[in-house]
There are 2 protein chains.
Amino acid sequence: MNNQNTFALKGDICFSLDQKHLSVMENAYVVCEDGLCAGVYRELPGRFRGIPCTDTGGALITPGFTDLHLHAPQYSFRGMHMDLELLDWLNTVTFPEEAKYADLDYAKRAYQIFTEDLKNSPTTRACIFGTLHAEATELLMELTEKTGIKAYVGKVNMDRNGPASLQEESAKSSAEATVRWLEETAGKYRNVRPILTPRFIPSCSDELMRELSSIQKAYRLPVQSHLSENPGETAWVRELCPDADFYGDAYDRFGLFGGGQCPTIMAHCVYSSDQEIALMKKRGVYVAHCPQSNTNLSSGIAPVRKFLEEGLCVGLGTDIAGGHSLSMLRAAADAVQVSKLRWRLTDNTQKALTFDEAFYLATMGGGSFFGKVGSFLDGYEFDALILDDSRFPHPQPLTARERLERLAYLDDGGCVAGKYVAGVKLF
Amino acid sequence: MNNQNTFALKGDICFSLDQKHLSVMENAYVVCEDGLCAGVYRELPGRFRGIPCTDTGGALITPGFTDLHLHAPQYSFRGMHMDLELLDWLNTVTFPEEAKYADLDYAKRAYQIFTEDLKNSPTTRACIFGTLHAEATELLMELTEKTGIKAYVGKVNMDRNGPASLQEESAKSSAEATVRWLEETAGKYRNVRPILTPRFIPSCSDELMRELSSIQKAYRLPVQSHLSENPGETAWVRELCPDADFYGDAYDRFGLFGGGQCPTIMAHCVYSSDQEIALMKKRGVYVAHCPQSNTNLSSGIAPVRKFLEEGLCVGLGTDIAGGHSLSMLRAAADAVQVSKLRWRLTDNTQKALTFDEAFYLATMGGGSFFGKVGSFLDGYEFDALILDDSRFPHPQPLTARERLERLAYLDDGGCVAGKYVAGVKLF
């Protein structure tokens, strides 16, 4: 057979079989058939003989990475003003910057830089916050679409506790703008889909949450927001929502906390109570663990081991620009690092993450929000990276497993030499 | 005047005035006269009119960075096998790799890679561990000399608790090899000097420590070693040295813990007691704070704020390969990051480091081990970097201060466009 939609990549292939097991096959083939994975082989079987094959010359080949949480408009100030905690950082740095995206020229300049870097990053799937501005968010969707990456992109909703320059006039106008945005962008893109994006409880009145709930049901949208990130923030939510049993309940009361018809991602969950964790499990809510951001904003370290033991859905996020690096390889290394500090400083009954576990989270863990994504197991969508680590010479022979771990620690975003999403070659 | 040894660099100049104050002058000049800093100016004063001036076109210009602690032979496995704690990591990964440096061909391959990367890194001064092999260490000194970086390099001493493949036969043979190494390399280098390097207490018998003490006095050598890094290690030292009042005392009993004639660097100090800190202060012992390594090896987070309040000498180290990155810019960002987690998780009375403080530690703090090094204040040795951050475009205007902080977070080692050490241009 010689179907044009069937091809192979040859190299040192690494992918997760499940949470605990990383499969590594050196000098092997991974086959894509009609956009799906059709096996990893030491030798191509007869039925694939003669298909086009790209020999990467010993590069690492991995599934694509899923960035479950990042803010596109914040990319412009990543790595700056990092001496502030969450709420001060939002008011002093983040909100004034996001307000600039009312200006479409500014948004275009900024989002072009962001999407160009996103395209070249290890990310193949992403869940992205825009700003409250519908037009700028539509522009972000267009530019993201052009990268070939598959993404959910959200126009942010916020009708309280913001500055005049970055707040919607009312719950009603926020909802109306959201509907307009949904209608205007409906069916426009192949790779990009909308996602409902209440910023976080402090930014959203009860009335707005009710409006969003209606929109969620009408349009069957997934939801992304923030949860239990920081002590100051969680205390504020307790004040704002005295009736909610816990932070997550403040979303759940409006039907915006997972469940079959409402796939939901909650970023951070550093301070989630047992009750909150139990509800997340029940509702299938995804945790977007953002280790770099939780460090930079002095938030703390999320109990990821506990999430895994409880069987929650967990992936990783860069949380640009609480996090400063767009590299999901780096996010995997960061997840290992902070889990060690948590084991040492907070709770030595919860073992640190292994690299294999962190790699799983960054690929299969988060990828599952998009379906069968993030592995080379049969039938998974063919998201693949060719990773070139030849810039890092070494005097001794290294296994592919060693090179993969090393690259997670050393990646500067320049290692992606090839990228495929659902079988489509981006470069 | 037009002395060939006098020249200026023009750009956005950032340097520490002291621990708290970062000076930033955009579009300014820093002058080098006979290897020393001769002022930073908005306009060149009359006496410098006509001197050669390199206009960097708006690049950042900073003092060079001092890496107070790293292991050259471990560079080959940075970012690998990071799922182990210190003592297991030493036995499983580090000692077997260091044993390979008995083979000079291997050492040459490895050290060429290391010194090439060191040359291109932001480091202008370094305190480097070799292995116990005198010949390989001499090779490391030769290759380091060629980079133009100024460095102390140490042949490691270890006569107990190592594997057969990486242990000296006796205290006496270790001492003899050290003296031979000192005699053979004496006066050979312009930039590189020897430093006495007992690996750490568990690797050095009392007899060896006595021998090293004699050598230290005879040759007036500085000393570098490890101190109070990890709970398992500190417990072991208590067993090994029941007579020592604390870990540092086990060095001090042999006169290898600072004092006027014995400048000493101790890496880590994560678990230093008040008594140990008091003695370090009294003896002028330098702390090499290695945040990335202390994270990777699950050691913990050193109380740097306390060291600064107590008035200790503190600098930063990459601790290759407990740390994986050779970038001292990254080390500054890492120091800020872990100090936030320490504030949040361990002791909220000790404020996190600011970026300005971390920058000070990475430049002036560690630099002072080499004399007047690490600033552009008058009379400081002219160690300077031209840092090109143009690979990181941004939609908004940024101040030089913002760009500097951003570069610390984003640096991948590729930003050093020019480098001067004591007035000599390396590239």
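Not measured: the values here are computed from a predicted model. Convention: sequence-line order gives letters A, B, ...; per-chain numbering from 1.
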Please look at Arg344(B) and chain A and tell me whether the side chain, the backbone, both or neither of the residue comes under 4.5 angstrom of a heavy atom of that chain.
-> side chain

Can you say whether Phe114(A) sits under 4.5 Å from chain B via the side chain, the backbone, both, or neither, judging by heavy atoms?
-> neither

Residue pair Leu326(B) / Leu70(B), side-chain heavy-atom distance below 4.5 Å | yes

Pair Asp356(A)-Thr354(A), side-chain donor/acceptor within less than 3.5 Å | no

Contacting region of Leu398(B) [heavy-atom separation from chain A under 4.5 Å] | side chain

Indicate yes or no for a side-chain donor-acceptor contact from Asn296(A) to the backbone of Gly322(A) under 3.5 Å, with no hydrogens or angles considered.
-> yes

Trace of the side-chain hydrogen bond (donor to acceptor under 3.5 Å, both in side chains) decision for Asp411(B) with Ser327(B) | CA-CA 7 Å; Asp411(B) 177 47; Ser327(B) 169; 2.5 Å; yes

Find the one option among Leu341(A), Leu297(A), Leu345(A) whose heavy-atom pairs under 4.5 Å with chain B are most numerous.
-> Leu341(A)

Just give me the residue among Ser76(B), Ala110(B), Ser325(B) that pairs up with chain A most often, heavy atom to heavy atom, under 4.5 Å.
-> Ser76(B)

Heavy-atom pairs under 4.5 Å with chain A, option from Glu402(B), Glu116(B), Lys108(B) with the top count | Glu402(B)

Kindly say whether Thr318(B) contributes a backbone atom to a donor-acceptor pair with the side chain of Ser293(B) at under 3.5 angstrom?
-> no

Test side chain to side chain donor-acceptor pair (under 3.5 Å) applied to Glu233(B) - qualifying residues, sequence neighbours left out = Tyr247(B)

Measure Ala352(A) against the heavy atoms of chain B and call it side chain, backbone, both or neither at under 4.5 Å.
-> neither

Top residue by heavy-atom pair count (under 4.5 Å) with chain B, among Gln396(A), Arg406(A), Arg109(A)?
-> Gln396(A)

Proximity breakdown for Phe77(B) and chain A, heavy-atom pairs closer than 4.5 Å = both

Check each atom of Thr346(B) against the heavy atoms of chain A and say whether the ones under 4.5 Å are side chain, backbone, both or neither.
-> side chain

Under 4.5 Å from any heavy atom of chain B - which part of Ser299(A) | backbone

Do Glu405(A) and Arg401(A) sit within salt-bridge range, that is, some charged N less than 4.0 Å from a carboxylate O?
-> yes

Do any pairs count as a salt bridge (Lys or Arg N to Asp or Glu O under 4.0 Å) and have a residue in residues 333-343 of chain B, sequence neighbours left out, and if so which ones?
-> Arg330(B)-Asp334(B)

Glu135(A), CD: over 12 other non-hydrogen atoms inside 6.0 angstrom = no

Spell out the residues in residues 85-104 of chain B that have some non-hydrogen atom less than 4.5 Å away from a non-hydrogen atom of chain A, in order of number; otherwise answer 'none'.
-> Glu85(B), Glu97(B), Lys100(B)

Between Tyr106(A) and His133(A), does the ring centre distance come in under 6.0 Å?
-> no

Ring pair (Phe, Tyr, Trp, His ring centres under 6.0 Å) contacts in which one or both residues fall within residues 316-346 of chain A, not counting sequence neighbours = His324(A)-Tyr409(B)

Of Met82(A), Gln337(A), Gln292(A), which is the lone residue that meets side-chain contact (heavy atoms from CB on, under 4.5 Å) with Gln337(B)?
-> Gln292(A)

If one checks every heavy atom of Asn230(B) against chain A at 4.5 Å, the contacting part turns out to be side chain

